[in-house]
Amino acid sequence: MSPPRLRFAPSPTGFFHVGSGRTALWNWLIARQQGGQFVLRIEDTDLERNREEWVDGIRVAMRWLGLDWDEEYRQSQRAALYGDAMLRLHADGHAYYCDCTRADVDGRNVAALGPGAENRGYDRHCRVRGLTPGAGRPLRFATPRDGITIVHDIIRGEPSFDHGEIEDFVIARGDGSAMFILANVVDDVDMGITHVVRGEEHLSNTPKGILLWQALAPDVALPVWAHVPVLVNAQRKKLSKRRDKVALEDYRAMGILPDAMRNYLVLLGWSPGGDREILTVDEMTELFRLEAVVTSPAFFDMVKLAHMNGEYLRALSIEEFVEVATPYLPAGASAQVDVFPKMAPFVQERLRLLTDLPNQVDFLYNDPYAWEDAIASCKAPVEMLDGVLAALAALPGATGTEVVPQAGTGTVHSPTVVVGPALNIATESATTGWSAAEIRVAVETVGAANGLKLAKAQGAVRVAITGRTIGPPLFEAMEVLGRAECERRLRLARARLGTA
RNA sequence: GGCCCCAUCGUCUAGUGGCCUAGGACAUCACCCUCUCAAGGUGGAGGCACGGGUUCGAAUCCCGUUGGGGCUGCCA
């Protein structure tokens, strides 16, 4: 058996859709798994709605997902092929020209069948009139009156359609340009497509495509179809570019990793069986089966995507994490490029979306803000700040002069995170006593003096330093921030509390 | 309206006649761990749409009902 040829045929009428991403991925998986070819075909026959930037958006999105393609075509450059097909179909009697308006057809339908017959479809009025081609005359396919067409579908089984239900549909517009159904079939024949994997919304029109294929290329074997379930929103409606947030680009912008997106997408309507969820590209390429795709629509769940993204984020090495996270750092961070790597190990395990990064680390680059509300929930803020200020001043190295951090080879004080030498954490601890461990003891001691356990005692200090009640580990953050800056913030906060 | 497709926890799914007192993951609740928050661990709650068949036996097969979706365009 010769290798399969699959195609992904998007139309550039908007941002690249997550559903398109899944369809492209599944097509690509089958092609790669079976040593076949994967064709990208831009279906830009609707000049009204196409835009060049969307075409490029398709390529960018596919590359982002890690999908490559062996051939690329633009339908807008293949009009001659479609014109030729129209001529042959007309000459063979498979198609005829028509000059009816919608109003003509509706009027005749109502006259013949009574009120309410407006949407009965075309009444074949022009089928026997022998009209010649002409401006404004669309070409209609002469659908056989009797018989049925069966769609052999890997996912759906063998749905059958009665020809009596299929009207003489338009295959070319009055201006001579090809409609989707014609261009689609001509290209599938021409490109030797063997597997058509596409959205379920195309299932109802597939018999038209089969009829066309048989009229156009009776000697060429039909492809096998696989109509994949649609993706729906919370209201269970098909995801729409207009009302739903579906652009792949949006997810990329919020810091979804391509590996996480691909893993989430492959699982929307398919499962490798058992309890497996996290899959590498190689694993999904080996395991994916169209036969195992489910038949019912799937809801695109941002919450689960975010969770999966968190898993991928945590699986990164520190170096990789710093690299992907850096573009998401808050304003002001670019001036202090050495700061974030020191905190990275502590925020990595706390993130799901990279756009949450500023919430975690903005205090490193900016003064705390809006801390009044936060400090209100803290225990004994005045006592804690006064006490901690004094305790920190008693730490070795506090000579009243500003301590200048120096590059060194210190370690990060975390029991669970091992930091590679590449990070080159610059701590002052070796010579000055300014380390997370020592700061912790100082806060703990002051807290004890005020009858507070560390969990409560650290509250006011955390708010003074970071402006928030939650965030990455406080003592490590203070070590990174440095003695001078921490004392400045503590005094500032203490002053704002007044003379209570 | 007509035609076609679909129906397992809130969500994504495992399940292809007995292994199911239906498994996993996300979300949710409780507890543990813990400097806050996460992460991690343990446990809980939560589902085969309904009604008929077939069968010794049905989430799994058949029919019907209900519900949802898609198509029905000189859009794709």
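Convention: sequence-line order gives letters A, B, ...; per-chain numbering from 1. All values below come from the heavy atoms of this structure, side chains included, with hydrogens, waters and symmetry mates left out.
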Under 3.5 Å donor-acceptor, [X] side chain and [Y] backbone:
{"X": "E167(A)", "Y": "Y122(A)", "answer": "yes"}
{"X": "E277(A)", "Y": "M308(A)", "answer": "no"}
{"X": "D168(A)", "Y": "T143(A)", "answer": "yes"}

Shortest side-chain distance from [X], nucleotide among [options]:
{"X": "M179(A)", "options": "A7(B), C26(B), C75(B)", "value": "C75(B)"}
{"X": "R140(A)", "options": "C74(B), G70(B), U72(B)", "value": "C74(B)"}
{"X": "R173(A)", "options": "G70(B), C6(B), C75(B)", "value": "C75(B)"}
{"X": "K208(A)", "options": "A27(B), A14(B), U72(B)", "value": "U72(B)"}
{"X": "E167(A)", "options": "C74(B), U72(B), A76(B)", "value": "U72(B)"}

Give the rounded distance in Å between these two atoms: [atom1] of [X] and [atom2] of [N].
{"X": "I58(A)", "N": "A76(B)", "atom1": "CD1", "atom2": "C1'", "result": "12 Å"}
{"X": "D106(A)", "N": "U72(B)", "atom1": "CG", "atom2": "C1'", "result": "13 Å"}
{"X": "R156(A)", "N": "G69(B)", "atom1": "CZ", "atom2": "C1'", "result": "10 Å"}
{"X": "N263(A)", "N": "C12(B)", "atom1": "CG", "atom2": "C1'", "result": "12 Å"}
{"X": "R41(A)", "N": "A76(B)", "atom1": "CZ", "atom2": "C1'", "result": "12 Å"}
{"X": "M308(A)", "N": "U11(B)", "atom1": "CE", "atom2": "C1'", "result": "13 Å"}
{"X": "L231(A)", "N": "C5(B)", "atom1": "CG", "atom2": "C1'", "result": "16 Å"}
{"X": "I181(A)", "N": "C74(B)", "atom1": "CD1", "atom2": "P", "result": "13 Å"}

[N] phosphate, OP1 or OP2: any side-chain N/O from [X] under 4.0 angstrom?
{"X": "R236(A)", "N": "G68(B)", "answer": "no"}
{"X": "K456(A)", "N": "U36(B)", "answer": "no"}
{"X": "N184(A)", "N": "A76(B)", "answer": "no"}
{"X": "T45(A)", "N": "A76(B)", "answer": "yes"}
{"X": "T295(A)", "N": "A7(B)", "answer": "yes"}

Would you measure the distance from the P atom in A7(B) across to the matching atom in U60(B) and give it in whole Å?
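Each nucleotide's P atom is 11 Å from the other's.
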How far does the P atom of C29(B) sit from the matching atom of A39(B), given to the nearest Å?
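Each nucleotide's P atom is 12 Å from the other's.
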For Y251(A) and Y264(A), I'd like to know if the aromatic rings sit close, meaning centre-to-centre distance below 6.0 Å.
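When the ring centroids of Y251(A) and Y264(A) are compared, they turn out to be at least 6.0 Å apart.
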Below 6.0 angstrom between ring centroids: does that apply to H17(A) and F300(A)?
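Ring-ring flag for H17(A)/F300(A): false, centres at least 6.0 Å apart.
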Selection residues 138-161 of chain A - residue pairs positive for ring pair (Phe, Tyr, Trp, His ring centres under 6.0 Å), sequence neighbours left out
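Listed by first then second residue: F141(A)-F169(A).
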Set out, in order, the CA-CA distance, both residues' side-chain angles and the distance that settles salt bridge (charged side-chain N to carboxylate O under 4.0 Å, His left out) for R483(A) and E438(A), then state yes or no.
CA-CA 12 Å; R483(A) 180 194 290 272; E438(A) 286 158 296; over 6 Å; no
Please check if the number of heavy atoms outside R120(A) that lie under 6.0 Å from its CZ is greater than 12.
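No.
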Has K241(A) got more than 12 heavy atoms of other residues, nucleotides or ligands less than 6.0 Å from its NZ?
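Yes, because the 6.0 Å sphere around NZ of K241(A) holds more than 12 heavy atoms from other groups.
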Provide the Watson-Crick or G-U wobble partner of [N], both distances under 3.5 Å; none if there is no partner.
{"N": "A7(B)", "value": "U66(B)"}
{"N": "G73(B)", "value": "none"}
{"N": "G43(B)", "value": "C29(B)"}
{"N": "U21(B)", "value": "none"}

Short of 4.0 Å, heavy atom to strand atom, which residues of residues 144-154 of chain A count as contacting RNA chain B?
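Going residue by residue through residues 144-154 of chain A, none turns out to have a heavy atom under 4.0 Å of RNA chain B.
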Could you check D187(A) against R7(A) for salt bridge (charged side-chain N to carboxylate O under 4.0 Å, His left out), going step by step and ending with a plain yes or no?
CA-CA 10 Å; D187(A) 280 345; R7(A) 50 42 160 213; over 6 Å; no
Please list, for nucleotides 19-24 of chain B, all pairs of protein and nucleotide N/O atoms separated by less than 3.5 Å.
{"unit_1": "G24(B)", "atom_1": "O4'", "unit_2": "D275(A)", "atom_2": "OD1", "d": "3.3"}

I'd like to check the side chain to side chain contact (heavy atoms under 4.5 Å, CB included) partners of V110(A); sequence neighbours left out, ordered by chain and number.
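Here the qualifying residues are E118(A).
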Evaluate salt bridge (charged side-chain N to carboxylate O under 4.0 Å, His left out) for R41(A) paired with D188(A), printing each intermediate quantity in order.
CA-CA 10 Å; R41(A) 186 171 76 217; D188(A) 282 347; 2.8 Å; yes
Base of [N], side chain of [X] - is there a donor-acceptor contact under 3.5 Å?
{"X": "R462(A)", "N": "C35(B)", "answer": "yes"}
{"X": "R49(A)", "N": "C75(B)", "answer": "yes"}
{"X": "E201(A)", "N": "C75(B)", "answer": "no"}

If you apply the rule side chain to side chain contact (heavy atoms under 4.5 Å, CB included), what do you find for M384(A) with K379(A), and how did you get there?
CA-CA 8 Å; M384(A) 282 308 304; K379(A) 302 292 182 191; over 6 Å; no
Pairs under 3.5 Å (N/O, protein and nucleotides 1-4 of chain B):
{"unit_1": "G2(B)", "atom_1": "O2'", "unit_2": "E165(A)", "atom_2": "OE1", "d": "3.1"}

5' priority, RNA chain B, between R102(A) and Y264(A) [closest heavy atom]
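Result of the comparison: Y264(A).
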Mapping F299(A) and R137(A) to their closest nucleotides on RNA chain B, which lands nearer the 5' end?
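Nearest nucleotide further toward 5': that of F299(A).
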Distances under 3.5 Å between protein N/O atoms and the N/O atoms of nucleotides 37-42 of chain B, please, pair by pair.
{"unit_1": "C37(B)", "atom_1": "O2", "unit_2": "R350(A)", "atom_2": "NE", "d": "2.7"}
{"unit_1": "C37(B)", "atom_1": "N3", "unit_2": "R350(A)", "atom_2": "NE", "d": "3.0"}
{"unit_1": "C37(B)", "atom_1": "N3", "unit_2": "R350(A)", "atom_2": "NH2", "d": "2.7"}
{"unit_1": "C37(B)", "atom_1": "N4", "unit_2": "R350(A)", "atom_2": "NH2", "d": "3.0"}
{"unit_1": "A38(B)", "atom_1": "O2'", "unit_2": "E349(A)", "atom_2": "O", "d": "3.3"}
{"unit_1": "A38(B)", "atom_1": "N1", "unit_2": "E349(A)", "atom_2": "OE1", "d": "3.3"}
{"unit_1": "A39(B)", "atom_1": "O3'", "unit_2": "R314(A)", "atom_2": "NH1", "d": "3.2"}

Return yes if a side-chain donor-acceptor contact under 3.5 Å exists between R173(A) and T45(A), otherwise no.
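No - no donor-acceptor pair under 3.5 Å links their side chains.
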Check ion pair E291(A)-R289(A) (N to O, under 4.0 angstrom):
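The answer is no: the pair does not qualify as a salt bridge.
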Apply side chain to side chain donor-acceptor pair (under 3.5 Å) to Y312(A) and N263(A), showing your working.
CA-CA 10 Å; Y312(A) 273 90; N263(A) 198 149; 2.5 Å; yes
Pick out which of R74(A), Q75(A), R49(A) makes a side-chain hydrogen bond (donor to acceptor under 3.5 Å, both in side chains) with D44(A).
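Only one option passes, and that is R74(A).
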